[in-house]
Amino acid sequence: MTPTDASALTDTAARPAPTGVQTPTRTAEGKPRHLYEVDVLRILTFACVLGVHTTSHTMASDDVGLAGLLALLHFTRLVFFTLTAFVLVYSYAIRPKPMSVFWPKRFLLVGVPYLAWSFVYVASAWLLDAGQRGDVPALVTTFATGVVTGTAKYHLYFLLVTMQVYLLLPAITWLVRTTRRHHVVVLVVALVVQLVVFAGYKYFPASDAWLNGYQKQFFFSYVFFIVSGAIAADHADRFLGFVRTHRRMIGWTFLGGVLLTVGVFVLQMALGDSPYAAGTPLQPVEAVWSTIVFVGFLAVGAAWADRRVAGSRLAKVVDYASDRSFGIFLSHPLVIWLLLYGASPLEALVPKPWLTLVTYLLVVVLSVAITEAFRWTPLSVPLTGRPSLSSRKARAARP
């Protein structure tokens, strides 16, 4: 795809607004506006990711309450893929680049952390396994397998799918552009396909046996979320305007989504599912719930963006959290693992279900500390996906 093709991609975001008129995506001067609402959406979702992984590692197997909470929190991966496609298509439409320029930059900031953290998690397990420690061929084989399959740690598949979306960007933008008059139809078809796929995963397990348990590692498991995010970006002004003018309706819809998701969870338990199986993320109800959460969180973010005071303490906190969020995502399973490893003193001191809350708070604090430390080192790109703050400061100080 050429920059000329991309310049026609987005019907609103890529077109300068008339001078003096501010829109959800443009300043009054006609310049692209930073989407602070997306920062809030990202922060809220990452906070819930930590909640999912902390809860799943600390809850009792018969704790129905926390299992129900997990069912509600399992929107995270699906919201992230919608957000990934939205930001990707929106930013590409505003600043189009040849793929020869776009791909190297994107893969540097995602692919390098993927490789680095895959090695960190594989090597950590290898060092702690007395049966494999010292067996270098086993380390190499496990690392290579983890990289190819996205299984070096349970959260790294997300980066693997994200890179698939990067590779598919020309096809995604082509689909958005050529079906512009039929986007509603495209969304309906994509949603039906998504519901069928998730129904197969949940209710007809033999239908996906050929995937050998790797359902979550492939982009086609998230087709509706990728397509809907891309189409939302193509109508960014109208979409962001919608979430601003229909907040009350979105709030009631969010409540309805909570009741629907919990209702399906309870029904499936009544039909014989275990608490965990009843709340599994790859099931039809999550497609509906995750879409509602995406719009709901974006509405919260829009409310914040409209009231944001540049330079205020709260604005600095939100900016900081958004900047560090990817590094926190990468490192937090390591923190959970270290806190709960072996005969964990934490588990001995804190009874369930309070263990979940205490562990969550510790994971947040320690993950932020680790990310902050890495951000000031030459390892910032591979370990946080962001340029080093020390090098940025040095560049800013040059004459």
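Quick caveat: nothing in here was measured; it's all calculated off a predicted structure. The figures that follow rest on heavy atoms only: side chains count, while hydrogens, waters and symmetry mates do not.
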Can you check whether G51's main-chain N or O pairs, donor with acceptor, with T54's side chain at less than 3.5 Å?
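No.
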Start with the C-alpha distance between F81 and F294, add both sets of side-chain angles, then the distance that settles ring pair (Phe, Tyr, Trp, His ring centres under 6.0 Å), and finish with yes or no.
CA-CA 10 Å; F81 289 128; F294 178 80; over 10 Å; no
Could you work out, with side chain to side chain contact (heavy atoms under 4.5 Å, CB included) as the rule, every residue matching L383, not counting sequence neighbours?
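Per chain and number, L383 pairs via side chain to side chain contact (heavy atoms under 4.5 Å, CB included) with A116, W117, F374, L379.
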Using modelled atom types and a 3.5 Å cut-off, is there a donor and acceptor pairing between side-chain atoms of H332 and backbone atoms of V364?
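Side chain of H332 to backbone of V364, a donor-acceptor pair under 3.5 Å: no, none is there.
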Quick one: are H74 and T280 in side-chain contact, heavy atoms under 4.5 Å?
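Not touching, per the 4.5 Å side-chain cut-off.
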Separation between OG1 of T371 and CD1 of I328, rounded to the nearest 0.5 Å
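Answer rounded to 0.5 Å: 5.0 Å.
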As an exercise, state the distance from OG1 of T359 to CG of L50, rounded to the nearest 0.5 Å.
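Spacing of OG1 (T359) from CG (L50) equals 11.5 Å.
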Would you say Y222 and T82 make side-chain contact, with heavy atoms under 4.5 Å?
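The answer is no; the side chains never approach within 4.5 Å.
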For side chain to side chain donor-acceptor pair (under 3.5 Å), just list the numbers for S388 and S380, CA-CA rounded to whole Å, side-chain angles, deciding distance to a tenth of an Å, and then say yes or no.
CA-CA 5 Å; S388 169; S380 184; 5.3 Å; no
Would you give the length of the straight line joining atom CG of L35 to atom CG of L240, rounded to the nearest 0.5 angstrom?
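It is 6.0 Å, given to the nearest 0.5 Å.
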Side chain to side chain contact (heavy atoms under 4.5 Å, CB included) involving P353 - partner list, sequence neighbours excluded
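Applying side chain to side chain contact (heavy atoms under 4.5 Å, CB included) to P353 gives D63, L66.
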So which atom in L160 and which in V147 form the shortest heavy-atom distance, rounded to 0.1 Å?
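Smallest interatomic distance, heavy atoms only, reads CD1-O, 4.2 Å.
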Quick check: does any side chain N or O of D208 sit under 3.5 Å from a backbone N or O of L211, one acting as donor and the other as acceptor?
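Such a contact is absent between D208 side chain and L211 backbone.
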Atom of A303, atom of R307 and distance for their closest heavy-atom approach:
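Taking every non-hydrogen atom into account, O-NH1, 3.0 Å.
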Tell me, with the steps shown, if M99 and L169 meet side-chain contact (heavy atoms from CB on, under 4.5 Å).
CA-CA 9 Å; M99 286 296 120; L169 180 60; 3.7 Å; yes
I'd like to check L330 versus T384 (side-chain heavy atoms, cut-off strictly below 4.5 Å). Are they in contact?
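Side chain of L330 against side chain of T384, heavy atoms only: no contact under 4.5 Å found.
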Do L72 and W289 come within less than 4.5 Å of each other through their side chains, counting heavy atoms only?
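A side-chain contact under 4.5 Å exists here.
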Determine whether I292 and T261 make a side-chain contact, defined as any pair of heavy atoms from C-beta on separated by less than 4.5 Å.
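No, every pair of side-chain atoms sits at 4.5 Å or beyond.
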Without swapping roles, check the side chain of S344 against the backbone of E347 for a donor-acceptor pair under 3.5 Å.
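Checked: pair present.
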Working to the nearest 0.5 angstrom, can you tell me the gap between L70 CG and S56 OG?
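One gets 6.0 Å once the value is rounded to the nearest 0.5 Å.
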State whether the side chain of S312 and the backbone N or O of V309 hold a donor-acceptor pair below 3.5 Å, judged by distance alone.
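Yes, because the side chain of S312 sits within donor-acceptor range (under 3.5 Å) of the backbone of V309.
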Looking at residues at least two apart in the chain, or sitting in another chain, which of them share a salt bridge (charged side-chain N to carboxylate O under 4.0 Å, His left out) with E37?
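With neighbours one apart ignored, the set is R33, R244.
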Counterpart residues, ring-ring contact (aromatic ring centres under 6.0 Å, His included), relative to F80 (two or more places apart):
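For F80, the residues satisfying ring-ring contact (aromatic ring centres under 6.0 Å, His included) (neighbours in sequence not counted) are F46, F158.
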Quick one, L334 and K153 - any side-chain contact, counting heavy atoms below 4.5 Å?
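Contact flag for L334/K153 side chains = no.
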Tell me if the centroids of the rings in H57 and Y360 come within less than 6.0 Å of each other.
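Centroid distance H57-Y360: not below 6.0 Å, so no.
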Can you name the residues that form a salt bridge (charged side-chain N to carboxylate O under 4.0 Å, His left out) with R247, not counting sequence neighbours?
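Partners of R247 under the salt bridge (charged side-chain N to carboxylate O under 4.0 Å, His left out) test: D306.
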Is the closest basic N to carboxylate O distance between R26 and D237 below 4.0 Å?
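The answer is no: the pair does not qualify as a salt bridge.
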Under 3.5 Å, side chain of T173 to main-chain N/O of P170, donor-acceptor pair present?
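It does hold such a pair.
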Would you call R106 and T162 a side-chain contact if the rule is heavy atoms closer than 4.5 Å?
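R106 vs T162: side chains apart.
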Tell me, please, which residues at least two apart from F239 pass ring-ring contact (aromatic ring centres under 6.0 Å, His included).
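Residues passing ring-ring contact (aromatic ring centres under 6.0 Å, His included) with F239: none at all.
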Which heavy atom in P113 sits nearest to a heavy atom in L108, and how many Å separate them?
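Nearest heavy atoms, P113 then L108: CD-O, 3.5 Å.
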In Å and rounded to the nearest 0.5 Å, what is the CG to CG distance from L338 to L346?
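So the gap between those two atoms works out to 12.0 Å.
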Is there a donor-acceptor contact under 3.5 Å from the side chain of Q164 to the main chain of F219?
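It does hold such a pair.
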How far apart are the C-alpha atoms of V64 and F265, what are their side-chain angles, what is the distance that settles it, and do they pass the side-chain contact (heavy atoms from CB on, under 4.5 Å) test?
CA-CA 10 Å; V64 176; F265 170 78; 4.1 Å; yes
ring-ring contact (aromatic ring centres under 6.0 Å, His included) partners of F326, counting only residues at least two apart
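So F326 forms no ring-ring contact (aromatic ring centres under 6.0 Å, His included) with any residue.
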Within 45 degrees of the axis of the six-membered ring of Y157 and under 6.0 Å from its centre: does K216 put its NZ or CZ there?
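Yes, a cation-pi geometry.
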Under the side chain to side chain contact (heavy atoms under 4.5 Å, CB included) rule, collect the residues that match up with Y214, sequence neighbours excluded.
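Checked Y214 against side chain to side chain contact (heavy atoms under 4.5 Å, CB included); matches are T149, T151, N212, Q217, F218.
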Using atom types as modelled, flag every donor-acceptor pair under 3.5 Å from a side chain in residues 188-207 to any protein atom, sequence neighbours excluded.
residue, atom, partner, partner atom, Å
Q194, OE1, V223, N, 3.1
Q194, OE1, F224, N, 2.9
Q194, NE2, S221, O, 2.8
Y201, OH, S221, OG, 2.8
K202, NZ, D273, OD2, 2.8
K202, NZ, A277, O, 2.7
Y203, OH, Q268, OE1, 2.5
S207, OG, G200, O, 3.3
S207, OG, F204, O, 2.6

Among all residues two or more places apart in sequence or in another chain, which pass the ring-ring contact (aromatic ring centres under 6.0 Å, His included) test with H246?
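H246: ring-ring contact (aromatic ring centres under 6.0 Å, His included) contacts with F242.
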Apply side chain to side chain contact (heavy atoms under 4.5 Å, CB included) to V140 and list each qualifying residue two or more places apart in sequence or on a separate chain.
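V140: side chain to side chain contact (heavy atoms under 4.5 Å, CB included) contacts with V136.
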What is the minimum heavy-atom distance between W337 and S124, and which atoms define it?
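Closest pair (atom of W337, atom of S124, distance): CZ3-CB, 3.1 Å.
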Between D39 and R42, is the closest basic N to carboxylate O distance under 4.0 Å?
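Counted as a salt bridge, because a side-chain N and a carboxylate O are separated by less than 4.0 Å.
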Are any of the side-chain heavy atoms of Y320 and V368 separated by less than 4.5 Å?
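Y320 reaches V368 side chain to side chain.
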Ignoring hydrogens, what is the shortest heavy-atom contact between V381 and P387? Give both atom names and the distance.
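Between these two residues, the closest heavy atoms are CG2-CA, 3.9 Å.
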Applying side-chain contact (heavy atoms from CB on, under 4.5 Å), run through L73 and H53 and close with a yes or a no.
CA-CA 10 Å; L73 291 178; H53 295 153; over 6 Å; no
Quiz item: cation-pi between K97 and W103, 6.0 Å / 45°:
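No, K97 and W103 do not form such a contact.
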Which residues pass the salt bridge (charged side-chain N to carboxylate O under 4.0 Å, His left out) test with E372, sequence neighbours left out?
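Here the qualifying residues are R324.
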How many angstroms lie between atom CD1 of I226 and atom CG of L78, to the nearest 0.5 angstrom?
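Between atom CD1 of I226 and atom CG of L78 there are 10.5 Å.
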Using every non-hydrogen atom in the two residues, find where I43 and S322 come nearest and quote the distance to one decimal.
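So the two residues come closest at CD1-N, 3.7 Å.
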Quick check on F119: does its CZ atom have over 12 non-hydrogen neighbours (other residues, nucleotides or ligands) under 6.0 Å away?
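Open: at most 12 neighbouring heavy atoms sit under 6.0 Å from CZ of F119.
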Please check if the side chain of S228 supplies one atom and the backbone of F225 the other of a donor-acceptor pair under 3.5 Å.
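Yes: the side chain of S228 pairs with the backbone of F225.
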